[in-house]
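Please read the structure below before turning to the comments.
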Amino acid sequence: MSSSRLRIDPDRFWMTVERSAEIGAGREGGLSRMALTEPDREMRDQFVSWCREAGLEVTVDQVGSIFARRRGQDDSLPPVLVGSHLDTQFNGGRFDGIVGVLAGLEIVRTLNDAGHVTRRPIEIVNWTNEEGGRFPPPMTASGAFADVYSVDWVHARQADDGATLGAELERIGYRGVAEVGGRPVDAYFELHIEQGPELDAAGIDVGIVTHGYKSHGLRVEITGETAHAGPWPMEKRRNALVGAARLCVAVDDIGWRYAATGGKATAARLVAWPNKAGILSDWAEVICDVRHDDPESAAAMAEAVRKALPDAATAAQVEMRIVEEWEWGGAIFDEALVGSLRNAAAALGQRTLDLPSQAGHDAYFLARICPTAMIFTPCRDGITHNNNEFTTRDRQVPGVDVLLQAVLARADRAGP
Ligand SMILES: [Zn+2]
């Protein structure tokens, strides 16, 4: 059969998605499969066994990302990477990240059935800790692969229970030995649910991701002084929790100032110590981020957050300092690769919608080291990071077929 006629097996694909939905069940309908927990281990084991059954060679790198390789006719050529993540948020859904990894598996199974060996190798990848829900920040392992973060830094990321990412990798048996990144990659494709309402509303199954919203994130540490909640005078209070709360409100206000043009600002996390009744907290931490489709507006929003620090600190008589900043997004995707998605969709008779991505994805970091493109697939009402995240087999399959054709075209193309 000519490779342009290849189609995935929808039932087989959906069976893997449904099997994944049994591992780490959260609230009804959802998943709670935080990175490097027992459910994450179980899902990884399941994924690895599927990959081995498909004849793939599995390697795990030092930050726990799993690569499943299908050899190419010329196996010395750099591989085409296809993937996403199998971890979820604490109250996550069954599809976010998952359909992208399992789409890679389905593509390989389809090629196996057809006996089609691509010119270049294909590797399916499951990136560790994409969500960052347990170990902030998100996309830590793909960041390390793209040399944005060091391996030691990734290993030192800490969960609320004090566990480090490195020790947890060891505990679940996924602290691999393969070098992190440092090798040529021909291209990276990621299929992901849209996490917005547009495809669903338009009744279109394939979204072509044109660019990413520009995002800036900050982690801020606040220091004050503990004191008794009763006798200690108001004018002497240095409550770190209050300083953090004032900063959170300021961040939210910035979001509202830019809301009319689509800007978003999120005070995502506030932790305080000792955070107990009867005592003022002397330490707190805030993680926040700002996002905007226009990079200049995003930068202005980030600057507004930095400027909000002194006011919030003065009002609560505490010290604040930014301990970490990160950014991603913008015009990062490869034109030719995005074009190959359009061609594949056209050949399959699929209508497409051009969309920016408002969420962060591993693709953002991969785009720094190789040509990268993303496909979005629908999710009902755009609900995500929520146990009500929902979609159907028939609305995912067209995107996976587009991915198959685009990966084939890329992996089989002539040239070095
Ligand atoms: Zn995701």
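Quantities reported herein were computed from a predicted structural model and do not represent experimental measurements. No hydrogens, no waters, no symmetry mates; every other heavy atom, side chains included, goes into these values. Whatever order the structure lists ligands and atoms in, that order sets their numbers, starting from 1.
Both tests hold for R183 against F67: distance to the six-membered ring centre under 6.0 Å, angle to the ring axis within 45°. Taking the ring axis of W153 as reference, the NZ or CZ atom of R157 stays within 45° of it and closer than 6.0 Å to the ring centre.
For the Zn ion (ligand 1), protein N/O/S neighbours under 2.8 Å (waters excluded) are H85 NE2, D96 OD1, H192 NE2.
Side-chain atoms of N387 and R94 include no donor-acceptor pair closer than 3.5 Å.
By the 30° and 60° cut-offs, the orientation of the rings of Y149 relative to F365 is perpendicular.
Across all their heavy atoms, P274 and D282 have their closest contact at CD-N, 4.1 Å.
Here the straight-line distance linking atom CG of D289 with atom CZ of R291 works out to 4.0 Å at 0.5 Å rounding.
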